[in-house]
Every structure is written in structure tokens, then in C-alpha cells.
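Note on naming: letters A, B, ... go to the chains in the order of the sequence lines (proteins, then strands), and numbering restarts at 1 for each one.
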Number of protein chains: 2
Amino acid sequence: MDKSSGIANDIGRSGLKRTKHRTVILEILEKSDQPMTAEQIFLKMGQEGIAVSLSTVYRAVESLAQKKLVTALEISGSNKTLFEYNRKIHRHYLVCLGCRKIRAIAHCPLKDYEEDLAAETDYLISGHKLVIYGYCPDCRKNAAMTPKEWS
Amino acid sequence: MDKSSGIANDIGRSGLKRTKHRTVILEILEKSDQPMTAEQIFLKMGQEGIAVSLSTVYRAVESLAQKKLVTALEISGSNKTLFEYNRKIHRHYLVCLGCRKIRAIAHCPLKDYEEDLAAETDYLISGHKLVIYGYCPDCRKNAAMTPKEWS
DNA sequence: ATAGCAAATGCGTTTCATTCGCAATAAAAT
DNA sequence: ATTTTATTGCGAATGAAACGCATTTGCTAT
Ligand SMILES: [Mn+2]
Ligand SMILES: [Mn+2]
Ligand SMILES: [Zn+2]
Ligand SMILES: [Zn+2]
């Protein structure tokens with residue numbers, strides 16, 4: 001409908017060709033509150049009646065990630081790469097070991113720690129990745145009996 | 001030689017059978033300053049004249065990890081799982097994007113942050129994983145021209 | 001609009017780390 | 001020493017992701 005809606009344009013502006021598939025994939029990720037695997041995206045497209053090859057989904061998320069429209073994340077414990085719409089905010093993740101839901105955390109407690117570390121190690125720090133594991137309110141009750149691993 | 005040397009005994013005490021392979025694997029990891037992949041362990045055993053099947057290495061590190069004698073880590077950007085001798089110290093990692101060397105960091109800047117987060121989110125926090133990316137002193141010069149991604 | 005070119009797609013094939021099945025072997029228990 | 005049970009070797013299977021190539025589509029410059 002809305003031709004000037006960000007998403008489709010963002011793809012064009014990125015230098016990638018603006019195809020139906022890429023637009024749909026980016027929209028799906030933008031709407032999802034959870035990062036998704038390539039296969040989940042593929043299945044959702046199927047549900048929406050959009051025929052696509054799984055290879056294409058893999059190639060689409062890869063190119064979108066290259067253009068920074070999508071972020072790829074590898075959370076320990078899942079062997080599949082997750083993709084999320086890049087909302088351009090530095091984020092961390094709180095992963096529930098019970099239901100595997102991923103909750104984003106806006107606050108970064110490491111801002112000045114990075115500087116200390118740079119001074120101490122003489123490294124040039126580019127960034128960091130922090131994932132916190134635990135049990136969400138819903139899963140806390142079961143957690144007591146089935147404490148799952150996280151490392 | 002030293003029958004009471006920690007490593008071999010630790011395996012026995014863990015409930016696992018104390019085999020030559022497991023002992024060697026654990027010794028290799030204990031001596032290594034870098035976490036190693038299953039294949040690297042396998043190759044090193046070959047160099048040391050110890051015939052072993054790669055499957056066995058995979059099964060050994062898996063069982064040793066289960067018994068907490070080794071720790072498995074999945075650093076973003078490598079598709080292979082790394083294993084390290086478990087020195088029973090909470091650690092973080094500083095990964096050089098130039099040479100891929102991994103340096104352990106003893107200090108944890110997140111001790112009380114976890115409590116704040118628990119209070120704020122009502123999650124039961126089990127732990128966290130922090131990886132910091134950058135360029136080591138040796139690689140800093142090249143870093144300027146070839147800034148690699150870290151996700 | 002149209003032609004021409006570069007990029008994207010479909011479909012099948014391949015790669016590669018890791019896992020598995022099962023018979024043979026070695027370690028612990030008796 | 002004999003039995004019991006876990007470990008190993010080897011090859012085959014798995015599964016996510018990458019790839020090759022012929023076909024199609026989006027974009028650009030007429
Ligand atoms: Mn941060
Ligand atoms: Mn920590
Ligand atoms: Zn949960
Ligand atoms: Zn380096």
C-alpha cells in the first residue's frame with residue numbers, strides 16, 4: 001500500500017534491489033517481537049501465501065545483514081542463527097532457559113568498562129556481546145525442578 | 001608417570017571411566033592457552049602419535065563438558081565449538097578480530113548489574129556470557145585498513 | 001516504454017561440523 | 001577370572017547453511 005513506507009525504501013537505498021521477497025522478509029522481522037531463524041521466516045511466508053525458496057531466505061537475510069538492515073545473532077544453545085530487524089539500538093539479550101524466549105535489554109552496563117579494559121590491555125575495542133541467561137517469571141516455578149544449562 | 005596427578009584422577013572421580021584418550025585430551029586442553037576445537041585436539045593427538053577417532057574426541061569433550069571438567073564455548077563468527085579446560089573461574093573473553101586469538105578476562109563487571117536486572121525484570125538470573133571484540137596490540141596497525149565485523 | 005545488463009531466484013547439489021548405530025574392545029565391578 | 005557396563009572405531013546419517021547454474025526480475029540508460 002504505502003509505497004513510501006520505510007522498509008521497502010530502505011532496501012532500495014541500501015543498494016540492494018527491492019524485491020518482493022526482501023520486502024516481505026524485512027516486514028516480517030520488523031513485526032516480530034522475537035528474532036527468527038531463516039526457516040521460521042520461510043514458514044511464515046508460506047502461511048502468508050508467498051512462495052519462496054529456503055535458499056532465497058538464507059540469501060536475503062545474509063544480504064540484508066550485510067547492509068545492516070538486519071542483525072544476525074548466535075545465541076549459545078541454539079545451533080541456528082537468529083535474525084532480527086535492526087532497530088539501530090545497542091542491545092543485549094535476556095534468554096529464558098525455560099521457554100527460550102528472548103527479551104531485549106536496552107541498558108548497557110559496559111560503557112565505561114570498555115575504556116578501562118582498553119587501557120588495561122592495550123586492545124582497540126570494537127564492541128561486545130552480552131547475553132544473560134535465566135528464567136522468566138512464567139518459567140520460574142518449573143525452573144526449580146529442571147535447572148537447564150546455559151553455558 | 002604421576003598416577004595421582006590431578007587430571008587422571010579428576011576423570012575417575014567424575015564417574016567417567018579413566019581412559020587414555022580422555023586423560024590425554026584433558027591434558028592437552030590444560031596445557032593450551034587457547035580454547036581448541038575438537039578437530040584441533042584430534043590433530044594434536046595425531047602429532048603426539050596417539051591414534052584416535054575424531055568421533056571419540058567429540059564424544060570425549062562432550063562427556064567431559066557434562067562433568068564440568070571442560071567448558072564448551074561458542075564464539076560468534078566461528079562455526080565450530082571451542083573447548084577449554086575448566087579452571088573453575090568465572091571468565092569473559094576478549095577476541096581479536098585480526099588474529100582470532102582469545103584472551104581470558106578475569107574481572108567481571110556485571111556482578112551487581114545482575115541483581116538490578118533481576119529486580120527490574122523479575123527474572124531468575126542464572127548467569128551470563130560476555131564476549132568483547134577488538135584488535136590486539138599486534139593487530140591494531142592492520143585494523144585501521146581492514147575493520148572486520150563482529151556482529 | 002524498451003532494450004540490455006546486473007542482480008536475484010529456484011531447485012538441486014554440496015559442504016562441513018557434529019551425531020549416531022553397532023560391533024568390537026577396554027575399564028570397572030564381582 | 002568372569003561378568004557387566006562404558007567406551008571406541010568406523011562408516012553412515014543429519015542438518016544448517018552455502019553453492020552452481022539456468023531462468024527471471026529489477027533497474028538504468030536510451
Ligand atoms: Mn553493551
Ligand atoms: Mn561476568
Ligand atoms: Zn520463560
Ligand atoms: Zn590479534
*To the nearest 10 degrees, how far apart in direction are the end axes of the helix from C/dA1-D/dT30 to C/dT30-D/dA1, each fit to five base pairs?*
40°

*Under the ring pair (Phe, Tyr, Trp, His ring centres under 6.0 Å) rule, what pairs show up with a residue in residues 21-75 of chain A, not counting sequence neighbours?*
none

*Check: A/I11 main-chain N/O paired with A/S14 side-chain donor or acceptor under 3.5 Å*: yes

*Just how far, in rounded Å, is C1' of C/dT15 from CD of B/E39?*
14 Å

_I'd like to know if the side chain of B/R18 and the backbone of B/D10 have a donor-acceptor N/O pair within less than 3.5 Å._
no

*What pairs of residues pass the side-chain hydrogen bond (donor to acceptor under 3.5 Å, both in side chains) test when at least one of them lies in residues 97-120 of chain B, not counting sequence neighbours?*
B/E114-B/H128

*asked:* Side chains of A/V70 and A/E62, heavy atoms from C-beta outward: is any pair under 4.5 Å?
replied: no

_According to salt bridge (charged side-chain N to carboxylate O under 4.0 Å, His left out), who are the partners of B/K68, at least two apart in sequence or on a separate chain?_
A/E149

_If the condition is side-chain hydrogen bond (donor to acceptor under 3.5 Å, both in side chains), which residues does B/T71 pass it with, not counting sequence neighbours?_
none

_Nearest heavy-atom neighbours spanning A/S63 and A/L16_ = O-CD1, 3.8 Å

_Pairing residues for B/Y93 by the side-chain hydrogen bond (donor to acceptor under 3.5 Å, both in side chains) criterion, not counting sequence neighbours_ = B/E84

*Got a sec, which pairs hit side-chain hydrogen bond (donor to acceptor under 3.5 Å, both in side chains) with one end in residues 41-51 of chain A, sequence neighbours left out?*
none

*Does A/K129 use its side chain to pair, donor to acceptor, with the backbone of A/E74 at less than 3.5 Å?*
yes

*What residues, two or more places apart in sequence or in another chain, satisfy side-chain hydrogen bond (donor to acceptor under 3.5 Å, both in side chains) together with A/K80?*
none

For nucleotides 28-30 of chain C, tabulate all protein N/O to nucleotide N/O atom pairs closer than 3.5 Å, reporting atom names and distance.
unit_1, atom_1, unit_2, atom_2, d
C/dA28, OP1, B/R18, N, 3.0

*Check every nucleotide of DNA chain D for an atom under 4.0 Å from a heavy-atom of chain B, then give the first and the last such nucleotide from 5' to 3'.*
D/dT5 to D/dG11

*Quick one, which residues of residues 40-58 of chain B touch DNA chain D with a heavy atom under 4.0 Å?*
B/A51, B/V52, B/S53, B/S55, B/T56

*Are OP1 or OP2 of C/dT18 and a side-chain N or O of B/T81 less than 4.0 angstrom apart?*
yes

*For A/R22, which contact category applies under a 4.0 Å heavy-atom criterion: base, sugar-phosphate, or nothing?*
sugar-phosphate

*Who passes side-chain hydrogen bond (donor to acceptor under 3.5 Å, both in side chains) against B/D122, sequence neighbours left out?*
A/R140

*5'-most contact on DNA chain C: B/K80 or A/A60, nearest heavy atom basis?*
A/A60

*Can you check the B/F83 CZ to C/dA17 P distance for me, whole Å?*
13 Å

